[in-house]
Amino acid sequence: ETVVHELAASHTALGQHTAAAAVWAARCRAVPGEWRSALRAAESYLAAGDRLTAMSYVELAQLIAPGEREVKDVEAKVRQAGDASG
């Protein structure tokens, strides 16, 4: 997980949000049940401007960890981005 975090952080620092999202998404596939990786993918896709894909990763996290506060927080952020864009 640490390597994934560092790789994604490097992509993010370079403004490569889709690449960062792909790293987190790969972690989701490699480690089923990893809801935090799903949320990081969602945040990265949102930063890349891909709200639809971001919401799909939020929904995945909701399935895995429906009661987690962080899941609800990221969901709200993605929904707000949709409201702001019209």
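Side chains are part of it too, since the values below use all heavy atoms of this structure and drop only hydrogens, waters and symmetry mates. Treat the numbers as computed from the prediction; the structure is a model and nothing was measured.
Between K77 and D73, no side-chain nitrogen of the basic residue sits less than 4.0 Å from a carboxylate oxygen of the acidic one, so the salt-bridge criterion is not met. Between R40 and E70 a salt bridge is recorded (basic side-chain N to carboxylate O distance below 4.0 Å). E68 and K72 are not joined by a salt bridge, as no carboxylate oxygen comes within less than 4.0 angstrom of a charged side-chain nitrogen.
Heavy atoms of other residues, nucleotides or ligands lying less than 6.0 angstrom from CG of L14 number more than 12.
Across all non-hydrogen atoms, the minimal contact from S37 to C28 is C-SG, 3.5 Å. Heavy atoms only, all atoms of each residue included: A41 and A25 are closest at CB-N, 4.0 Å. Closest approach of A8 to A20, counting heavy atoms only: O-CB, 3.6 Å.
With side-chain heavy atoms closer than 4.5 Å counting as contact, directly or through intermediates, the hydrophobic cluster containing I64 also holds W35, L39, Y45, L46, M55, Y57, V58, L60, V71, V74, V78.
Here the CD atom belonging to Q16 is positioned 11.5 Å from the OG atom belonging to S44, to the nearest 0.5 angstrom. Expressed to the nearest 0.5 Å, how far CD of E34 lies from CZ of R27 amounts to 4.5 Å. Here H11 contributes atom NE2 and W24 contributes atom CH2; the two are 12.0 Å apart, rounded to the nearest 0.5 Å.
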